[in-house]
Trainee: 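I have a structure here, written as structure tokens, and I will follow up with some questions on it.
The basis for the numbers below is simple: all heavy atoms, side chains too, and nothing from hydrogens, waters or symmetry mates. Each chain gets a letter, A, B and so on, in the order its sequence line appears, and its residues count up from 1.
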Amino acid sequence: MKLNHLNEMQKQAVIHTEGPLLILAGAGSGKTRVLTHRIAYLVEEQDVSPYEILAITFTNKAAKEMRERVEALIGGHPRGMWISTFHSACVRILRNDIDKIGYAKNFVIYDTSDQLVVMKEVLKQLDYNDKIFPPKSMLSRIGSLKDELIGVKDFSDRSKGNFRDERIALVYEKYQNKLKANNALDFDDLIMRAVQLLMANPTELSFYQQKFKYILVDEFQDTNYAQYKLASMLASKHKNLCVVGDDDQSIYGWRGADVGNILGFEQEFPNTKVIKLEQNYRSTKKILDAANGVVANNKSRKKKKLFTDNNEGEDLQYFCAGNAYGEAEHVAKTIVGLMDSENKKLSDFAVLYRTNAQSRVFEEIFNKANIKYRLYGGTPFYGRKEIKDVMAYLRIIENTADQVSLGRVINVPKRGIGLKSIEKILEYAEMNESTFFDALIDVHHIGSLSGSAKAKICNFAELIISLIEKKADMSVTEIVEYIYEKTKYIDILEKEKTVEAQSRIENLQEFLSLTVDFDDNSEIKTLEEFLVTTSLQTSLDTEEDGENAVTLMTLHSAKGLEFPVVFLPGMEESIFPSHMAIKEGNEEEERRLCYVGITRAMSKLYLSHATQRTIYGRVCYNSISRFINEIPDELIARDTKYNRKKAVRKTTTSPLFRGEMLEAKKEKITYDSSQVIRTGSKVIHPTFGIGTVITFKDDMASIAFEGKGIKKISTSFVKLTVC
DNA sequence: TGCAAATGCTTTTTT
DNA sequence: AGCATTTGCA
């Protein structure tokens, strides 16, 4: 196997196969290449069986990519090798042996919205006020407990004496019991339960320890305690644990990721070999220097400095726009310009923003400018109501204990089973200590229900039963078609004749093409398998390859990707760094996020800032981001009259600081001065559309909009286009 | 039961 | 602003 296209450090990382290995891989230093070569090297040169290798990533996409690259290197299918995410590896372990910790093997996986349903029920039953115990924050608290492998018992013990925590411990207990009764696990359970299973069952643990002679973990800086524990447990026999990560790219601390796992790795694993990959192959010198300059401001980090043999490159471009629209227009113009002058393709560009809300303006402007884009994130396909409904039917068929799903669709589409009827069924179930589903079947014995209610419930129960009977000899597609047919879901939507209903129908049809794809291509074609893969899938996984479009995504989703030209808009205090981060003192993580953003760029980087921006419907005047000022001055070309010293002084905690407001207002008027608004002018308003100016004094205009009435508009706050 | 109106949120979100 | 959820009323 040829390794001569690897640099010295990369080569060492590939051939050092025995014992713990920590690879500190800077951005763009070729870590995926190292990982894949390492796996290929083990198989080809060291005669390691693929069966003995476990490679863990965080995303399905990364796992898929790694698998493909390994296949390309060894020229074939690595049979028996586990290349998977933490979660799917855990599902695999749990599927085999979860009965040993009191679950049934056909468990379902609950997503965030399912969790919320369960949590609300818990709080209701405990009679806790959901203002004092908000369901969402209860879930996030419990989530972090699970990330740290703190079970119900542990937490209840350690919260003694703390009034609030004692109560939360009850919530936790009840929540876990409910999940178990539904034979369901949430995402955090997947990891925690897998660890619990292995800890409680030495036979199973030693089976996996024996099996996995070589373990690799990618993005190690993003592991939480539970994931770390899982990896180290599995590796404790052979001690061939190779972890790859970059503490400077740790951006998921808020989700329980612990940089300590990477920083303390050498202490935890004696005789760890440490290899640093510091040569960057991605970016120009100037881009890299900018990234280094920013991240150097962080106090807690392993000292390192990326270098590159790449060209010096161009200056970074900085632009100060009047508002978010001006900012997006500038980006659009730059894209069009570069396509023209440098033959760039749409897919060469990425716009990376801090919050999803920022995408809207870009979408609007790109649509106007006829720039094709691909938006990542947002509501995932599987999160759509209609899709969740179909999935709920499927989940019930697989696991009738799943009350959340039953509750979800018992009256969807509407079949006249109301809340009161459901309560009566629940009562009956509780009295007889049966499941909700069994109560449905027994519906005739529920005296409190009216005859018509009984009939409706009976119909529903029969539908489910017929589905269960048929599932064995039907493909997933056939089952779904059967559900559509029997529930008349699509027919009912068609009668609505609304745009939403139409898009729901399209989604339901799209869902069928997913099931067809599954039926054709999946190795295991059971409904159970379909449910697992879909539960663990996200919007990021559905890629249309070869698509020529500009990428729009958050900085978080951009990790691991690269683009020739990158735009970082919204470089403003309280956007980036976000006001939450400033308030909670998480500045360093934001800075790392900025580092991630800058290092996505290969040859061109554009940063921008808008003096005025509407956030949550309020107009804000944010000062320029501290991160801009941390980029060495000589690397940036400033396409503006903006004065750096002034901005540094201007930085305040409140975005609505008075002085800034006045200053910004002045600037804004200059921005719009090319337009002449007078009585009778036809103007275009970004939200109201076309209108006619009735009166205009100072900067206030009364404008009549077609079908929207007369609005008073401040022309210095809203960008009006005169036509 | 079903709807419209009122209210409440809102950083990031690999699974 | 935009969205989702809850509330209040017919």
Trainee: Assign G416(A) to base, sugar-phosphate, or nothing according to its heavy-atom contacts below 4.0 angstrom with the strands shown.
Mentor: sugar-phosphate
Trainee: Below 4.0 angstrom, N of the basic side chain to O of the carboxylate: do E630(A) and R626(A) qualify?
Mentor: no
Trainee: Which atoms of nucleotides 6-10 of chain C (N or O only) lie under 3.5 Å from a protein N or O atom, and what are those distances?
Mentor:
{"residue": "dT6(C)", "atom": "OP1", "partner": "K120(A)", "partner atom": "NZ", "Å": "3.2"}

Trainee: Using whole Å, what does the distance between atom P of nucleotide dT14(B) and atom CG of D111(A) come to?
Mentor: 12 Å
Trainee: For H579(A), check ring pair (Phe, Tyr, Trp, His ring centres under 6.0 Å) against everything at least two apart and list the hits.
Mentor: none
Trainee: Could you tell me whether I417(A) contacts a base, only the sugar-phosphate backbone, or nothing, with contacts defined as non-hydrogen atoms closer than 4.0 Å?
Mentor: sugar-phosphate
Trainee: Quickly work out the M553(A) CE to dT12(B) C1' distance and round it to whole Å.
Mentor: 14 Å
Trainee: Would you please confirm or rule out a distance under 4.0 Å between OP1 or OP2 of dT13(B) and any side-chain N or O of S557(A)?
Mentor: yes
Trainee: Any ring pair (Phe, Tyr, Trp, His ring centres under 6.0 Å) pairs touching residues 109-133 of chain A, not counting sequence neighbours?
Mentor: Y128(A)-F133(A)
Trainee: Using atom CD of Q221(A) as one end and atom P of dT12(B) as the other, report the distance to the nearest whole Å.
Mentor: 21 Å
Trainee: Are any of R255(A)'s side-chain N or O atoms less than 4.0 Å away from OP1 or OP2 of dT12(B)?
Mentor: no
Trainee: Can you tell me the distance, in whole Å, between the CD1 atom of I251(A) and the P atom of dT13(B)?
Mentor: 9 Å
Trainee: Check every strand shown and say whether T355(A) touches a base, only sugar-phosphate, or nothing at a heavy-atom separation below 4.0 Å.
Mentor: sugar-phosphate
Trainee: Do we get R374(A) above Y376(A)'s six-membered ring, with its NZ or CZ under 6.0 Å from the centre and within 45° of the axis?
Mentor: yes
Trainee: Which is true for L419(A) with a 4.0 Å heavy-atom rule: it touches a base, it touches only sugar-phosphate, or it touches nothing?
Mentor: sugar-phosphate
Trainee: Of E589(A) and S88(A), whose nearest nucleotide on DNA chain B comes first from the 5' end?
Mentor: E589(A)
Trainee: Any stacking of Y252(A) on dT13(B), going by centres under 5.5 angstrom and planes within less than 30 degrees?
Mentor: no
Trainee: Write down the distance between CZ (R415(A)) and P (dG2(B)), rounded to a whole number of angstrom.
Mentor: 13 Å
Trainee: Kindly say if N356(A) contacts the phosphate of dT13(B), meaning a side-chain N or O under 4.0 Å from OP1 or OP2.
Mentor: yes
Trainee: Applying ring pair (Phe, Tyr, Trp, His ring centres under 6.0 Å), name anything that partners Y225(A), two or more places apart in sequence or on another chain.
Mentor: none
Trainee: Round to a whole Å and report the spacing from CZ of R384(A) to C1' of dC3(C).
Mentor: 15 Å
Trainee: Rounded to the nearest 0.5 Å, what's the gap from NZ on K454(A) to CD1 on I457(A)? Could you check?
Mentor: 9.5 Å
Trainee: May I have the distance from L555(A) (atom CG) to dT13(B) (atom C1'), rounded to whole angstrom?
Mentor: 14 Å
Trainee: How would you list, by chain and number, every residue that makes a ring pair (Phe, Tyr, Trp, His ring centres under 6.0 Å) with F107(A), sequence neighbours excluded?
Mentor: none
Trainee: Calculate the interatomic distance between E65(A) atom CD and dT14(B) atom P; express it in whole Å.
Mentor: 17 Å
Trainee: Touch check for K414(A), heavy atoms < 4.0 angstrom, all strands: base, sugar-phosphate only, or nothing?
Mentor: sugar-phosphate
Trainee: Measuring from the side chain of T59(A) (C-beta onward, heavy atoms only), which nucleotide among dT13(B), dT14(B), dT11(B) has the closest atom?
Mentor: dT14(B)
Trainee: Please identify each residue that fulfils ring pair (Phe, Tyr, Trp, His ring centres under 6.0 Å) with Y489(A), with sequence neighbours left out.
Mentor: none
Trainee: For DNA chain B, whose closest nucleotide is more 5', that of T112(A) or that of E590(A)?
Mentor: E590(A)
Trainee: With a centroid cutoff of 5.5 Å and a plane-angle limit of 30°, would you call Y616(A) stacked on dT10(B)?
Mentor: yes
